[in-house]
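Throughout, a chain's letter reflects where its sequence line sits, starting with A, and its residues are numbered from 1.
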Number of protein chains: 2
Amino acid sequence: MGRWEPDARDRLVRAALDLFDEQGYENTAVAQIAERAGLTKSTYFRHFKDKREVLFGGQDELVELLVEGIAGTPEPAGALRAVEGALVAIAVTFSEERRANGPRRLAVIAANDELRERNAMKMAGFSNVMQEALRQRGVPELDAAVAAELGTVALRVAYDRWLEAGGDFAEVARRALEEVRLAAAALEGAE
Amino acid sequence: MGRWEPDARDRLVRAALDLFDEQGYENTAVAQIAERAGLTKSTYFRHFKDKREVLFGGQDELVELLVEGIAGTPEPAGALRAVEGALVAIAVTFSEERRANGPRRLAVIAANDELRERNAMKMAGFSNVMQEALRQRGVPELDAAVAAELGTVALRVAYDRWLEAGGDFAEVARRALEEVRLAAAALEGAE
DNA sequence: GAAAGTGATGGGACTTGGTCTCATCAACCG
DNA sequence: CGGTTGATGAGACCAAGTCCCATCACTTTC
């Protein structure tokens with residue numbers, strides 16, 4: 001594989017991020033991204049299923065790691081401990097290079113409805129995947145839903161902090177999850 | 001207003017739901033929806049900003065009610081009580097007609113990625129709105145995020161049950177939220 | 001070493017979502 | 001009765017995304 005100029009996919013990602021940054025997502029045509037990467041529209045759509053996906057690559061890998069992280073947490077462990085295992089498992093993908101591009105990527109996404117939509121779907125996907133993995137362990141439906149949802153809250157918080165301050169993502173995530181748990185436990189109900 | 005055939009918007013919604021049901025969302029063109037409603041593509045896009053929105057109308061009203069429900073909960077009350085106020089506040093929009101069309105609408109949405117994406121965005125929007133409204137009451141950031149997220153879990157659960165069994169939505173939502181709270185409180189942390 | 005195969009690419013036709021502009025036409029108002 | 005208003009129709013236009021076929025670099029096989 002890779003008989004021609006290598007890294008076509010990477011070149012597309014870089015070209016897209018640059019162009020979105022320079023002139024905005026909506027003002028950038030797929031053909032333009034391809035051109036800057038030395039390719040054509042056809043080739044772009046062979047690598048990414050639509051215009052947005054160039055910003056959301058690697059999601060499949062994260063999903064796999066989340067599932068493995070939950071399934072691989074030794075029994076007996078509560079649902080939230082398994083979620084912690086999932087967050088720790090994805091830490092390997094949080095490289096320095098990813099941290100460097102993070103803010104630029106976030107800024108592009110935040111500036112466009114279509115992209116925010118895709119991001120919401122991504123997050124919901126993470127939650128669903130964790131919920132399903134928890135149910136596979138025998139966690140009851142509602143508990144799985146709650147634990148998975150709190151896990152994604154922690155994931156968002158941890159990601160923000162990690163972009164801000166760096167450090168070991170696994171540690172940041174563990175702390176965030178514990179804070180979320182305490183906040184949830186402190187909620188008063190109807191009396 | 002309404003000098004020509006009235007209810008253009010309603011006709012479009014009905015035509016869309018019928019066509020999506022008959023031949024699927026992707027196999028239905030906007031022009032076809034408009035045609036069945038006795039209108040044209042131009043008019044369609046005057047009523048809905050894109051092809052999907054015909055299935056997601058009324059979101060603005062829900063957002064308003066959620067915010068009012070939280071802001072209108074008398075102090076002092078915990079974050080989750082305010083969220084309960086929000087869920088109760090939207091109950092007025094859950095009519096019998098809406099319940100009748102609910103399952104068909106859900107089936108169409110579930111069958112298509114684009115629509116599931118929009119739905120995820122809608123839910124995330126509810127959560128964000130509640131979170132912001134809670135912060136306006138002085139609830140700390142993280143507590144607001146957790147309460148809002150648990151609120152949307154309860155909202156989903158309540159909606160499912162209400163579609164299934166009917167009854168007073170406010171009551172169903174209250175019960176769902178209490179169950180969610182108990183599930184969250186029962187989560188064990190790292191020792 | 002030539003022929004056949006393979007996989008990534010180029011190119012262009014085509015459909016459809018979505019935007020924009022201008023014309024039309026029914027109702028209302030003075 | 002003539003002018004205004006607001007919803008609609010009509011059609012040009014652009015970009016996203018799909019499809020199909022040609023091409024070309026490299027590999028395998030005989």
Side-chain angles (χ1 to χ4, degrees), chain A residues 1-57 59 108-109 111-119 121, chain B residues 1-20 22-57 59 108-109 111-119 121-122:
Chain A
M1 45 217 80
R3 293 154 186 77
W4 294 258
E5 298 295 327
D7 307 321
R9 195 184 176 94
D10 281 357
R11 266 155 45 213
L12 285 168
V13 171
R14 273 191 294 271
L17 205 49
D18 286 348
L19 286 166
F20 293 163
D21 213 12
E22 291 169 16
Q23 53 188 21
Y25 174 81
E26 284 158 331
N27 301 322
T28 303
V30 169
Q32 197 183 359
I33 300 171
E35 188 190 5
R36 176 169 297 202
L39 298 167
T40 64
K41 200 179 84 168
S42 298
T43 302
Y44 176 96
F45 282 109
R46 262 181 217 107
H47 287 277
F48 304 100
K49 82 167 203 284
D50 60 39
K51 182 178 173 184
R52 296 172 287 173
E53 208 194 270
V54 73
L55 286 171
F56 294 94
Q59 183 170 358
V108 171
I109 292 174
N112 182 272
D113 263 11
E114 222 177 311
L115 294 173
R116 297 216 318 257
E117 222 171 84
R118 179 72 143 243
N119 200 50
M121 182 69 168
Chain B
M1 48 213 83
R3 292 153 186 79
W4 293 260
E5 299 295 326
D7 305 323
R9 193 184 178 97
D10 281 357
R11 265 155 47 214
L12 285 168
V13 171
R14 272 192 294 271
L17 205 48
D18 287 347
L19 286 167
F20 294 162
E22 290 169 16
Q23 53 188 23
Y25 175 80
E26 284 160 331
N27 300 322
T28 304
V30 170
Q32 197 182 359
I33 301 172
E35 188 190 6
R36 178 168 297 203
L39 298 167
T40 63
K41 200 179 83 167
S42 297
T43 302
Y44 177 95
F45 284 109
R46 260 181 218 108
H47 285 278
F48 304 99
K49 83 167 201 283
D50 59 40
K51 182 178 174 186
R52 295 173 286 173
E53 208 192 272
V54 73
L55 286 171
F56 293 93
Q59 184 171 356
V108 171
I109 292 174
N112 183 272
D113 265 12
E114 222 177 311
L115 295 174
R116 298 217 317 258
E117 222 171 87
R118 179 72 143 241
N119 200 50
M121 181 70 170
K122 179 179 165 183

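- Considering only side-chain N and O atoms, A/His47 lies under 4.0 angstrom from the phosphate OP1 or OP2 of C/dT9.
- In this structure, A/Leu115 CG and A/Lys51 NZ are separated by 8.5 Å, a value rounded to the nearest 0.5 Å.
- What separates CG of B/Asn112 from P of D/dG17 is a distance of 13 Å, to the nearest Å.
- Applying the ring pair (Phe, Tyr, Trp, His ring centres under 6.0 Å) criterion to A/Phe48, with sequence neighbours excluded, gives A/Tyr44.
- Look at A/Thr43 and you won't find any side-chain N or O under 4.0 angstrom from OP1 or OP2 of C/dA8.
- Protein atom CD of B/Glu35 is 16 Å distant from nucleotide atom C1' of D/dT8, rounded to whole Å.
- Between the CG atom of A/Leu12 and the P atom of C/dA8 there is a distance of 14 Å, given to the nearest Å.
- Taking atom CG of B/Leu39 as the reference point, atom C1' of C/dC25 lies 15 Å away to the nearest angstrom.
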- Note on the structure: A correct 5'-to-3' footprint of nucleotides 15-23 of chain C, with B, S and - meaning base, sugar-phosphate only and no protein heavy atom under 4.0 Å, is --SBB----
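- Within the structure, salt bridge (Lys or Arg N to Asp or Glu O under 4.0 Å) pairs that include any residue of residues 22-37 of chain B comprise B/Glu22-B/Arg36 (at least two apart or interchain).
- Put simply, the side chain of A/Thr43 reaches to within 4.5 Å of the side chain of A/Arg46, judged on heavy atoms.
- In this structure, B/Arg116 CZ and A/Met121 CE are separated by 4.5 Å, a value rounded to the nearest 0.5 Å.
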